[in-house]
Amino acid sequence: MGNRGMEELIPLVNRLQDALSSVGQSCTLHLPQIAVVGGQSAGKSSVLENFVGRDFLPRGSGVVTRRPLILQLLSGNSEHGEFLHCKGKKFTDFDEIRKEIEVETCRVTGSNKGISPVPINLRIYSPHVLNLTLVDLPGITKVPVGDQPADIEYQIRDMIMQYICKENCLILAVTPANTDLANSDALKLAKDVDPQGQRTIGVITKLDLMDEGTDAREILENRLLPLRRGYIGVVNRSQKDIDGKKDIKAALLAEQKFFLSHPAYKHMAENMGTPYLQRILNQQLTNHIRDTLPAFRSHLQSQLLALNKEAEEYRQYSPDDPARRTKTMLQLVQRLAVDFEKLIEGSGDKVDTVNLSGGAKINRIFHERFPYELVKLESDERKLRQEINYAIRNIHGVRTGLFTPDMAFEAIVKKQVSRLKGPCTKFVDMVSQELLSTVHQCIGKLSSFPKLQEETERIVTTEIQEQESKCRDQIMLLIDIQLAYINTKHEDFIGFTNAQHAHNQNNKKNAAAMAGNQGVGLLSSLIVIRKGWLTISNIGIMKGGAKEYWFILTAESLSWFKDDEEKEKKYMLPLDNLKLRDVEKGFMSSKFVFAIFNTELRNVYKDYKCLELACDSQEELDSWKASLLQAGVYPEKVTGNGAENFSDPQLERQVETIRNLVDSYMTIIYKTVKDLMPKTIMHLMINSVKEFISSELLAQLYALGECSALMDESPEQQKHREEVLCKHAALKEALTVIGKISTSTCTTPMPPPVDSSWIQPSSNTLPKKSATSGKPVARGHAPSVPRVPAHTGPTAAQSVDGLQQPAGQPTRAPPSVPRRHPPPIPNVK
């Protein structure tokens with residue numbers, strides 16, 4: 001026989017759980033736990049057995065339940081039990097389950113009435129139950145017997161509190177009818193953790209054992225000692241009935257007959273008995289499920305909406321249809337072309353806010369990396385002057401030249417132009433790598449069709465390599481064109497006359513610079529080139545260690561502040577005579593570092609010859625270097641020590657003249673190269689590859705002659721398609737079931753509050769001294785108790801009257817739940 005009151009909800013909840021578990025989803029309808037609390041022999045175990053409809057718990061007089069029994073009811077096709085300590089063993093005979101509980105209890109507690117907080121975990125599978133957790137707890141006792149410790153009452157209360165303090169636990173406060181209800185320990189404990197009475201149900205047992213002429217009518221009518229949820233009377237089987245193997249079905253009929261025939265209870269017989277208690281608990285479960293459903297339904301609906309479009313595409317997809325395969329390949333190639341163009345040209349939809357896209361990275365190469373490589377070429381002033389010096393002297397040979405030879409100018413210019421091939425080649429390589437990375441990112445979306453992905457990547461990569469080769473040849477041609485003719489008639493070229501004039505005016509300019517132009521200096525100092533966070537990493541630990549500051553770079557200075565509010569300035573460093581150099585990244589460091597130093601070997605900051613500045617990424621490092629170049633701080637160029645000093649004034653004038661001419665002409669070349677290189681790469685590489693993907697790629701894929709084979713799905717894609725369709729159907733089924741639960745059930749409102757002040761919370765009683773020794777008897781430690789919401793009331797270390805605990809009494813940590821001291825401990829011999 002099963003619990004018939006649950007039969008309406010069982011199919012619906014089971015359908016919901018089955019639908020979700022089939023696709024790996026979990027049903028988050030966590031049903032409440034039901035704990036039975038009461039004194040010894042109050043009938044707690046009998047109440048629990050009625051939920052299962054089977055005899056399986058140990059029965060008898062005195063202390064029978066000596067360990068908590070956590071009983072998990074699980075819906076299943078067959079009816080059997082499993083113990084956590086007997087993994088893999090199924091018990092189909094419920095008499096064997098009872099014997100195993102008795103054996104396991106004695107194994108831990110012994111056979112002489114000892115108790116233990118270590119629970120026994122039992123699972124019972126049955127088609128007649130919902131997924132519930134029931135807890136059978138030891139009965140509250142006051143006098144230790146057998147092997148029980150002296151503070152037995154204290155330990156049992158702590159044990160009970162571990163379970164009933166949970167907000168998801170319904171409390172069945174079981175009290176025998178033949179005892180004084182006002183002194184019910186079960187109701188007192190329940191009041192401590194559930195002062196509003198929202199989850200406490202009073203259960204009155206042993207109504208058939210009351211003295212003749214007495215009854216519990218006023219209690220059951222909730223008039224004498226009211227509870228918010230009231231009381232339910234039940235009549236359990238007697239020990240004689242149990243010994244006589246009277247089954248539960250017959251016991252329930254006898255219980256019904258008792259209430260219908262008793263003059264004090266027959267008017268409320270329909271609200272009494274075990275079946276009614278089951279219905280009340282079932283309704284509480286229904287309320288809980290209905291309260292949980294709105295959020296659960298919203299969660300499922302959001303998942304369903306996310307899958308609708310994909311599921312519709314897969315539902316119409318026929319893997320073996322040639323027309324469908326051709327159409328899919330066409331759509332994928334078109335999507336690839338669109339994605340590649342968006343990554344290169346930029347797009348307003350689905351903007352990546354974490355990393356730079358392909359086009360943004362190429363732009364950074366155009367305007368930061370490539371100019372920096374060019375500046376490194378023109379920054380080696382010492383080596384350039386040495387080359388000019390040698391060129392002039394070698395042209396004159398044994399003769400002493402009276403005029404500045406133009407052949408020296410042409411030789412130096414051609415050598416400087418030839419050096420551009422290295423940075424330009426590196427420039428092409430960097431852009432090519434970014435193009436390959438961008439293409440690979442787009443082609444990754446074809447992973448559902450491995451052969452198509454492989455062939456597409458091969459074809460596009462080959463095209464990029466071909467265009468890279470053409471682009472490199474074109475750039476080399478542009479440099480060769482510059483080498484073919486040195487145009488000294490260019491409108492921006494200063495010429496020999498102006499170069500000599502510039503040399504004569506050099507000293508005058510230096511003098512003017514020393515005097516300083518305050519107006520121009522003030523204007524340039526207001527031009528902010530860059531702001532950002534940098535870490536000064538070479539300050540010793542004794543002086544504060546590495547620290548991050550807010551830096552501001554202008555055309556005249558580099559300043560840093562405490563933070564980005566720019567209120568507390570730490571230092572301002574003029575940019576005169578400053579150079580920058582690269583610093584190798586430390587083995588354990590994640591920072592990217594560069595250094596600033598003074599070319600005249602002066603201290604840059606306090607007593608530091610150089611300032612090492614660190615940032616978080618290579619991109620940020622490159623950006624700061626480009627900004628410093630814009631401000632006139634150039635990178636250091638390490639050269640050999642082969643330089644010679646010449647004291648010939650005429651030679652020095654010739655070197656300075658050619659130096660000015662080279663500088664003027666190379667400025668024109670650099671400007672031309674910086675303008676033409678990005679345009680050449682954009683035309684020959686980027687635009688060509690973009691055009692190829694959008695117009696030629698599909699034709700080359702068709703030319704392979706294996707279009708059908710290209711569209712073979714990967715096993716992962718087949719599995720994914722099946723999972724999406726299965727999950728979509730399961731979510732629709734789950735939402736249908738939720739709708740049926742919503743329409744086939746109703747919520748019962750919470751009863752209004754009642755005056756339950758008659759239940760006194762658990763109070764503390766000061767322990768008395770033992771009659772034999774005159775000293776307090778030491779007690780063992782109680783098990784740990786989980787934390788519950790704080791409440792008002794006396795603590796464990798203080799009595800209700802505010803008296804302090806006696807000095808001889810062992811101190812305990814204040815519990816997280818209400819507890820009371822046991823009554824005076826008898827002298828047990």
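Only a predicted model underlies this, so the values are computations on that prediction, with no experimental measurement involved. Numbering starts at 1 and runs along the sequence shown.
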Worksheet item: When you check the gap from the basic side-chain N to the acidic O, do Arg157 and Glu153 get nearer than 4.0 Å?
Response: yes

Worksheet, complete the sentence: Taken to the nearest 0.5 Å, the spacing of Lys90 NZ from Glu79 CD works out to 13.5 Å

Discussion item. Donor-acceptor check, side chain of Gln303 to backbone of Leu731, threshold 3.5 angstrom: yes or no?
Written reply: no

Worksheet item: Within the side chain of Lys188, is there an N or O that forms a donor-acceptor pair under 3.5 Å with the backbone of Ala182?
Response: no

Worksheet item: How about Gln198: does its CD atom have over 12 heavy atoms from other parts shown lying under 6.0 Å from it?
Response: yes

Worksheet item: Thinking salt bridges, do Glu104 and Arg107 make one under a 4.0 Å N-O criterion?
Response: yes

Worksheet entry | Nearest atoms (heavy-atom pairs only) where Gly233 meets Phe259 | O-CZ, 3.4 Å

Practice prompt. Using atom types as modelled and distance alone, determine if a side-chain donor or acceptor of Arg223 lies under 3.5 Å from a backbone N or O of Glu218.
Written response: no

Worksheet item: Between Ala173 and Leu187, which heavy-atom pair has the shortest distance, and what is it?
Response: CB-CD2, 3.6 Å

Worksheet item: Between the side chain of Arg199 and the main-chain N/O of Ile164, is any donor-acceptor distance below 3.5 Å?
Response: yes

Practice prompt. State, yes or no, whether a side-chain contact exists between Thr175 and Tyr231 at a heavy-atom distance under 4.5 Å.
Written response: no

Worksheet item: Would a distance-only check, ignoring hydrogens and angles, find a side-chain to backbone donor-acceptor pair under 3.5 Å from Asn222 to Leu227?
Response: yes

Item to complete: Could you check whether the rings of Tyr265 and Phe258 sit parallel, tilted or perpendicular, using 30° and 60° as the cut-offs?
Response: tilted

Item to complete: Determine the minimum heavy-atom distance between Ala186 and Gly38, stating which atoms define it.
Response: CB-CA, 3.8 Å

Discussion item. Counting only heavy atoms not in Asn77 (residues, nucleotides, ligands), do more than 12 fall under 6.0 Å from its CG?
Written reply: no

